[in-house]
Amino acid sequence: MSLLFVCYSVYSQNPSQIDILTTEDGLLFRDVSNITQDNKGLLWIGTTQGLNRYDGQNFKVYNRDVSNPFFIEDDYIKWNMVYDDATNSVWFSANDKLFQLQISTDSIISYNEKQHLNDRMLGLYKSPDNSIWVVTDDYWQVKKETSKLYLKRFENGKFNTLSSVDRYKYVFNALSFDTKGSVWWSTTNGTNKYNSNGELLESYILDTYDWNGDLIHYVPNFFDSNNTHYYFPESKGGIYTYNALKKTSETLFETEKIIRRAIEDVDGNIWFAGDKTLYRMDKDRNFIDYTNLIKSKLDYSLINNLFIDKSGLLWVATDNGLFKVKTQKQLFSNLFKSTKEGWGNSMRGIFEDANGRIFSLCESKHQLWYKTKEGKIDSLPLKTKLGKPLTLMYDASFIVTNSSKTKAFTIGSGICEIDLKTGITTVYNQFSINNNIHGPNALLRLHDGRLLFGFTQEYLTIFNPETQEYQAVFNNQTIQNNIRGLKFFKESKDENHIWIGTSENGILKIDLNGNIIKMFNTNTTPQLVKDDVLCLKKIVMVVCG
């Protein structure tokens, strides 16, 4: 039985899902072999010219440069790297030798015959139980026709040989671990299944192909979290699954491209990579082809490895740098997006009405656009009571509703009261002096339904739309230094108190009787970095610029 799934291209999706990291960003060398991550979240990046530690902004370099304080004796890192949480160390193989870097001290342990490792390194792996495994060969130490590959596990400070197979001419080698604790070792001779003690349980021939006149049975294997067995035959290309109990194979994904490796992300999607190709399979076994998208971001000729970090990012190591792919589903989609080039649809404010419609003001079209619960998108043209179109621009960035969510309030030439059923708008022009025509103008609905607005201390006003009553907050008081640029209002947990973020004077805490209770700026303790407040959220979230 064969299962063949259609693959869709992701090229039309948001390219911001993919970023790159190259030598232009500070990467030591373009040819990246592998990545691992330590318990602090730092990334360790192996290249063919040394090791990088990356904290998200800066790189630390380990290489053979004798003037480098972080010297390592061999820096041609071509095989896997693994992080050992128990010892807080990074294991890596360089120039066919094995090393362990102690992160806390930057000291290096070199493994050799003292640890039963005097032959050549071919592979480095970490099993699900966190034990360290290696594959080696003795091709350069014995007669070529008697050379072998060795499967070894690190125990009590040394590597114990658990199994060996004939090497023959080639060093095809891959190690995989299933969820039952079994070890699957694929070599030129086929795939052997062992228990955790290295006892051979079964042997499989999953593929056969000609390689320079010799029959080869090597095939890479991968097991997901459900213990599904995937393998990638060289003779056919594509992706197959294998049922060891029934001893049957199924075609999962058909392509002429050869798949080399796979990895599972935090959402259960499986990522498959060939030399140049990258596919994602979701839980329903739908395939998406990422190849053209990543090629559009960076030119490369070979994918060397895949890695999922603690935040869920997929890192794709290539011979020309790294891709960072956001694996998790994009939480937001575009609404009211313009298909035209240029300014497009400039949106201001967002709120919900009593019917669950989500509104936003389109500045370029002077309309409220909305999406209903059912997904319908439509617009609500704004007009005065006389039927004239109403123009709302940049000054109307803040929009609030009344308690029943049947009306919305914003700021234009005055305070605008919008009927969300008809779009008919009442404009209170008496407040035009209180607002900045260049906007945006802060607007806050207090818990009692009154509105607070005004772009300076002098013009700070409270208005009750129900009774039409209004008053200046700082009424009948002499304002010697009129504070301007009031940008954000936030009601305090303290009764009758308001937090205000400004463009030039930091943060104020006032009461509605016209008293400044507290001020925070670049000259106070605690001190702000800058006096221009860009965001205000319950005062614990402050961004200045």
Side-chain angles (χ1 to χ4, degrees), residues 346-351 360-361 363 392-403 408-412 414-416 431-465 470-545:
S346 177
M347 311 303 294
R348 305 289 178 186
I350 185 169
F351 64 94
S360 185
L361 172 67
E363 175 189 338
L392 291 178
M393 296 288 288
Y394 178 65
D395 45 354
S397 292
F398 292 84
I399 306 175
V400 300
T401 64
N402 60 357
S403 58
F409 299 90
T410 190
I411 294 175
I415 298 299
C416 300
F431 301 120
S432 60
I433 193 174
N434 298 72
N435 303 314
N436 184 0
I437 60 173
H438 302 294
N441 290 284
L443 176 66
L444 175 68
R445 185 175 74 88
L446 302 173
H447 69 276
D448 61 9
R450 295 181 297 167
L451 303 179
L452 177 69
F453 55 91
F455 77 105
T456 72
Q457 180 184 355
E458 178 185 3
Y459 290 136
L460 193 61
T461 301
I462 298 175
F463 172 56
N464 189 331
Y470 61 92
Q471 65 184 63
V473 173
F474 289 87
N475 189 30
N476 298 324
Q477 294 191 32
T478 300
I479 302 176
Q480 295 180 346
N481 297 305
N482 185 22
I483 298 175
R484 304 175 61 85
L486 309 187
K487 295 173 62 176
F488 304 100
F489 301 144
K490 186 69 179 178
E491 203 163 10
S492 172
K493 64 180 180 180
D494 299 325
E495 184 68 24
N496 214 36
H497 286 198
I498 304 295
W499 289 99
I500 301 176
T502 76
S503 61
E504 300 176 0
N505 293 275
I507 300 170
L508 311 177
K509 185 178 184 181
I510 70 167
D511 65 29
L512 294 179
N513 295 318
N515 299 303
I516 296 178
I517 308 301
K518 294 180 180 179
M519 294 186 68
F520 299 97
N521 52 49
T522 54
N523 298 315
T524 62
T525 303
Q527 182 184 47
L528 298 184
V529 176
K530 292 186 178 180
D531 288 329
D532 185 8
V533 178
L534 302 183
C535 180
L536 184 65
K537 180 67 174 177
K538 289 186 178 179
I539 207 58
V540 296
M541 294 291 290
V542 179
V543 181
C544 299

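Just so it is clear, the model here is predicted, and its values are computed rather than measured.
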Under 3.5 Å donor-acceptor, Thr410 side chain and Phe398 backbone:
yes
Across all chains, not counting sequence neighbours, the ring-ring contact (aromatic ring centres under 6.0 Å, His included) partners of Phe351 are Phe359
Rounded at 0.5 Å granularity, tell me how far CZ in Arg450 sits from CD in Gln471.
6.5 Å
All heavy atoms of Gly449 vs all of Pro465, minimum pair found to be O-CD, 3.9 Å
Can you list the steps and then say if Ile399 with Arg348 is a side chain to side chain contact (heavy atoms under 4.5 Å, CB included)?
CA-CA 8 Å; Ile399 306 175; Arg348 305 289 178 186; 5.6 Å; no
Any chance you could measure Ile498, atom CD1, to Ser492, atom OG, to the nearest 0.5 Å?
7.5 Å
If the condition is side chain to side chain donor-acceptor pair (under 3.5 Å), which residues does Asn523 pass it with, not counting sequence neighbours?
none
According to side chain to side chain donor-acceptor pair (under 3.5 Å), who are the partners of Thr522, at least two apart in sequence or on a separate chain?
Asp531
For the atom pair CZ (Phe489) and CG (Leu444), what is the distance rounded to the nearest 0.5 Å?
7.5 Å
Using the ring-ring contact (aromatic ring centres under 6.0 Å, His included) criterion, which residues pair with Tyr470? Sequence neighbours excluded.
Phe431
Partners meeting salt bridge (charged side-chain N to carboxylate O under 4.0 Å, His left out) with Asp511 (sequence neighbours left out)
none
Taking all non-hydrogen atoms of both residues into account, name the closest pair between Gly349 and Ser360 and its distance.
O-OG, 2.7 Å
Go through the structure and list residues passing side chain to side chain donor-acceptor pair (under 3.5 Å) with Asp494, not counting sequence neighbours.
Lys509
Quick one: list whatever passes side-chain contact (heavy atoms from CB on, under 4.5 Å) with Thr456, sequence neighbours left out.
Glu458, Tyr459, Asn482, Arg484
Here the pair of heavy atoms bringing Asn505 nearest to Met519 is O-CE, 4.5 Å
According to side-chain contact (heavy atoms from CB on, under 4.5 Å), who are the partners of Thr524, at least two apart in sequence or on a separate chain?
Phe520, Asn521
Phe409: ring-ring contact (aromatic ring centres under 6.0 Å, His included) partners, not counting sequence neighbours:
none
Within this structure, what is the CD1-CG distance for the pair Ile500 and Leu536, rounded to the nearest 0.5 Å?
9.5 Å
Measure the spacing between OG1 of Thr502 and CG of Leu508 and express it to the nearest 0.5 Å.
6.0 Å
Within the side chain of Glu504, is there an N or O that forms a donor-acceptor pair under 3.5 Å with the backbone of Gly485?
no
Sequence neighbours left out, what passes side-chain contact (heavy atoms from CB on, under 4.5 Å) with Lys487? Give chain and number order.
Ser503, Asp532, Leu534
Would you compute the distance between atom CZ of Phe453 and atom CD1 of Ile411 and round it to the nearest 0.5 angstrom?
7.0 Å
Closest non-hydrogen atom pair between Gln457 and Leu486, with its separation:
N-CD1, 3.9 Å
What residues, two or more places apart in sequence or in another chain, satisfy side chain to side chain donor-acceptor pair (under 3.5 Å) together with Asn434?
Thr461
Work out which heavy atom in Cys416 is nearest to a heavy atom in Leu392; give both atom names and the distance.
SG-CD2, 3.9 Å
Which one of Ile483, Leu512, Val473 satisfies the side chain to side chain contact (heavy atoms under 4.5 Å, CB included) criterion with Leu460?
Val473
Is any side-chain heavy atom of Phe474 closer than 4.5 Å to one of Ile516?
yes
What pairs with Arg445 under side-chain contact (heavy atoms from CB on, under 4.5 Å), at least two apart in sequence or on another chain?
Val400, Ser403, Leu451
